[in-house]
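Chain letters run A, B, ... following the sequence lines, proteins first and then strands; every chain starts at 1. These numbers come from the heavy atoms of this one structure, side chains and all, not from hydrogens, waters or symmetry mates. On a predicted model such as this, the values are computed, not experimentally measured, just so you know.
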Amino acid sequence: MDARYAPKSIEKKWQDLWEREKLFEVGEDLGREKYYLLEMFPYPSGRIHMGHVRNYSIGDVVARFLMMRGYNVLHPMGWDAFGMPAENAAIKANTHPARWTYDNIDYMRSQLKKLGFSYDWSREFATCDVSYYRWEQLFFLKMYEQGLAYRRSAYVNWCHTCHTVLANEQVEGGVCWRCDQPVVQKEMDQWFFKITAYVEELLDYTYKLPGWPERVLTMQQNWIGKSYGSKILFPLASGDGRITVFTTRADTLFGATFMSLAPEHPMVEKLCRGTPQEEAVLRFVEKAKQAKRSDREAELLEKEGVFTGSCCINPVTHEKMPIYVANFVLMAYGTGAVMAVPAHDQRDFEFAVKYGLPIKVVILPEDNASASNVEPLTAANEEDGILVNSSAFSGMTSAQGREAITAALAERGLGEETIQYRLRDWGISRQRYWGAPIPIIYCDRCGVVPVPAQDLPVVLPTDVELLPNGASPLPFYEPFAKTTCPQCNGPARRETDTMDTFVESSWYFARFACASSHEAPLDRQKVHYWLPVNQYIGGIEHAVLHLLYARFFTKVLRDMGYLGADEPFLNLLTQGMVIKDGAKMSKSKGNVVDPDEMIEAYGSDTVRLFCLFAAPPEKDLEWSDQGVEGASRFLTRIWRLAADHQEYLQAAASYRDGAGLSKPLADLHRKTHQTIKKVTEDIGDRFHFNTAIAAVMELVNQMYQVMELPSRDGPFWPVMKAAVEAMILLVAPIVPHIAEELWQALGHSESVVKAPWPKWSEEALQAEEVLIVVQVNGKLRSRIVVSAEATREQVEQAAIQDARTQDFIAGKPIKKIVVVPDKLVNIVV
RNA sequence: GCCUGGGUGGCGGAAUAGGUAGACGCAAGGGACUUAAAAUCCCUCGGAGUUCAACUCUGUACGAGUUCGAGUCUCGUCCCAGGCACCA
């Protein structure tokens, strides 16, 4: 064994051995408890970055720890390989997205292997593999059959100059990323997944996922945005028709003095037609559509509107309410129409003041409900209170009023209680090339025709040429777009949109359980064995979209009979970012630390160790070159402990029993067992790898102390060997390469991966004497050492009689003594 | 505005069920070894006072409270980060 720690050679050696022996390839084993550990798979952008290294290092510790504890651990890895960066890069580098993607995958796979992660590489796949997305197309067809996939028109970002649709990421500050020209909203037919069909279950389970961080669940709850309210119908003042609104404040209905519609509201055109307002309204609507394109600025926009020329009737006051089009009303929420109650809604208030509309107070604060306040209002009162000016409902509380008014409307067929969600259906159409084709055919005679399942897959053609403006070449590529109708055999065209890449990441975890299944998307038995994922680890940035879509897909696949789990991920760990100099690493800031360079300089074990030691996983990790030096130093210390004394350690038998040791050796023996307990609990129960590492550092420091003893006779080497072995096993999940090498150096022939996790003995934890802290009136005054067997009375007496304690209690009557066993005595005088 | 987190030395962080605040590491200072350097090892390291030392006071954003005892629990205030946000 080399006297010096040389990571480069040993890391390669063990990585090769793990691969050769297939140590991490697993199958279903009913005799052992399964554990499915998953880290969010990467987008193959070109190179692994430090965020990946941290994410996967955390996962690897957990995986290896559980393997040593005897679990059957599934720990797979793959590639989230469709997506726009491939198209952009391909245009720039004059290559093909497929080429670019698969080249990146090859390089990044080699990087992951160099880091020594314990993946079952036999299950690897990329989502751009036909053998993966073909099944996704099958899911789409089944969802289409069940009405869970449907088509409707929706707005997309459109660049007139480039004549193409733009993704949100391609719109920067309202202009096109290529030509800097303004982007407009254009209505196009799009495919949607009906996630709203599962909204209640998705919401319910956010209260039944104890293994998820509270804040992620809260974010999902906010995103779903359930609110209770009423649907109220307002008949038009002239002619037939009515306007439906959603409101949470039916109690303020008597104060509704006008109506606001979203510019896109379908009734706008009809309401203004033939009125003197027509031209003004159409101009306003056009302007609002333009303004919509940069959502950010919409917030700063002043509230504006225009009278449509028509009125509706307040169903309780029977007064006329002018109908306005207003720029702040969203078509996407509720019904796109809002009953305006200026006295009790700040936005309506501002609007009413601006356009001189009546403001009618119908709610008074509960504490001075009698004082009929007639001073002019300066702002809306949005609080609940007591109803006034509301005929029979006056005097009710807001809560009573909401219920009573809605009930009264319901009797007349003009209202009902209802629930509104913020969550909308998931638009999955992407007018992009590098994605999974949507398996639909459009026939002039038969209309929308799904591709028959036996005709799948619809293969994304790879012999296309990309267009310089970034638009998808598929609509222009006749061999793909031109086809025949499966129903009438007449000429037809394929859907040329592809699916959102979030679709691929919504079910990849299930495919990992049976990656080699070629007959069906999912092998029921295998999926049943492995799912749900026991522990999922990834960045907080996916708190809502990816995790919500994956939850939705799991429920859909469950209802189709493909899997049995209600939820995909039992436990979720969201790790923090890796930052440098206080900012997220980025090329533009020039603070990027390249994993390759770090591995080259220090070895993978050091990089892994630093990532785990510098911060607990959920916090941001500040990169520190000096910290990396420190991690490297610690590994050198570990190495020397074994290398400098290899012969003696090999020859010795590990110390097991507990008696007859000198104090320093007894202390080391106890420390060894304390460390085993601490590390086991820190890794297994808490994922606090930083404190686990700190505990091993303490053990190592103490071993160095013991090495200084004048005599190494008797049980010295056995006790030392037990400590060294424990040390190696405890760090094995964290720094596996050095652990393997040292384990072998001590004479073990099998991989440390197969060594059982060390156990501590309760007996060995017991000290003969314990240190007790003595407080007087809650202040620390002294420390005493007592026998571990001392009774409560003996400890109290020892504390009272202690000379330093006496300085503080002498001559004063003792009122009370609090004793915390093995820890502390507090004397109250 | 609403909803989450969070505020502890020069820095990263520890204190798991209310019981010694600052484990472990980094940086810094001092020393040993060396012809010298690197590496390694040892010592000091929240602040103030006093001092040969021992010791005392003080200290976990701020202010109250509960308790024998509060970084930890309660209430209020301030600040920071993240999410949502014209959501009717």
For nucleotides 59-61 of chain B, which of its nitrogen or oxygen atoms have a protein nitrogen or oxygen under 3.5 Å away, and what is each distance?
none

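- Heavy-atom distances under 4.0 Å link RNA chain B to no residue of residues 574-581 of chain A.
- Partners of A:Lys354 under the side chain to side chain donor-acceptor pair (under 3.5 Å) rule, at least two apart in sequence or in another chain, are A:Glu302.
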Would you tabulate the nitrogen or oxygen pairs shorter than 3.5 Å linking the protein to nucleotides 44-49 of chain B?
none

What would the secondary structure line of RNA chain B be in dot-bracket form, counting Watson-Crick and G-U wobble pairs under 3.5 Å, with [ ] for pairs that cross earlier ones and | for pairs with another strand?
(((((((..(((......[....))).(((((.......))))).((((.....))))..(((((..]....))))))))))))....
Output side-chain donor-acceptor pairs under 3.5 Å for residues 337-346 of chain A, partner residues at least two apart or in another chain, one line each.
| residue | atom | partner | partner atom | Å |
| --- | --- | --- | --- | --- |
| A:His344 | ND1 | A:Asn381 | O | 2.9 |
| A:His344 | NE2 | A:Val362 | N | 3.1 |
| A:His344 | NE2 | A:Ile363 | N | 3.1 |
| A:Asp345 | OD1 | A:Arg347 | N | 2.9 |
| A:Asp345 | OD1 | A:Arg347 | NE | 3.2 |
| A:Asp345 | OD1 | A:Asp348 | N | 3.1 |
| A:Asp345 | OD2 | A:Arg347 | NH2 | 2.7 |
| A:Gln346 | OE1 | A:Ala380 | N | 3.0 |
| A:Gln346 | NE2 | A:Glu350 | OE2 | 3.3 |

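- Proximity of residues 244-259 of chain A to RNA chain B (heavy atom under 4.0 angstrom from any strand atom) is restricted to A:Phe246, A:Thr247, A:Thr248.
- By the ring pair (Phe, Tyr, Trp, His ring centres under 6.0 Å) test, A:Phe284 pairs with no residue at all, sequence neighbours left out.
- In this view, A:Gln794 and A:Thr791 satisfy the side chain to side chain donor-acceptor pair (under 3.5 Å) rule, not counting sequence neighbours.
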Treat primed atoms plus P, OP1 and OP2 as sugar-phosphate and everything else as base, then score nucleotides 11-23 of chain B 5' to 3': B for base contact with protein heavy atoms under 4.0 Å, S for sugar-phosphate contact only, - for none.
-BSSSB--BB--B
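- Take A:Tyr5 and apply the side chain to side chain donor-acceptor pair (under 3.5 Å) test, not counting sequence neighbours, and it matches no residue.
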Going by atom type alone, with no hydrogens or angles, which donor-acceptor pairs under 3.5 Å involve a side-chain atom of residues 242-250 of chain A and a protein atom two or more places apart or on another chain?
| residue | atom | partner | partner atom | Å |
| --- | --- | --- | --- | --- |
| A:Thr247 | OG1 | A:Arg249 | N | 2.9 |
| A:Arg249 | NE | A:Asp251 | OD1 | 3.1 |
| A:Arg249 | NE | A:Asp251 | OD2 | 3.3 |
| A:Arg249 | NH1 | A:Glu382 | O | 3.0 |
| A:Arg249 | NH2 | A:Asp251 | OD2 | 3.1 |

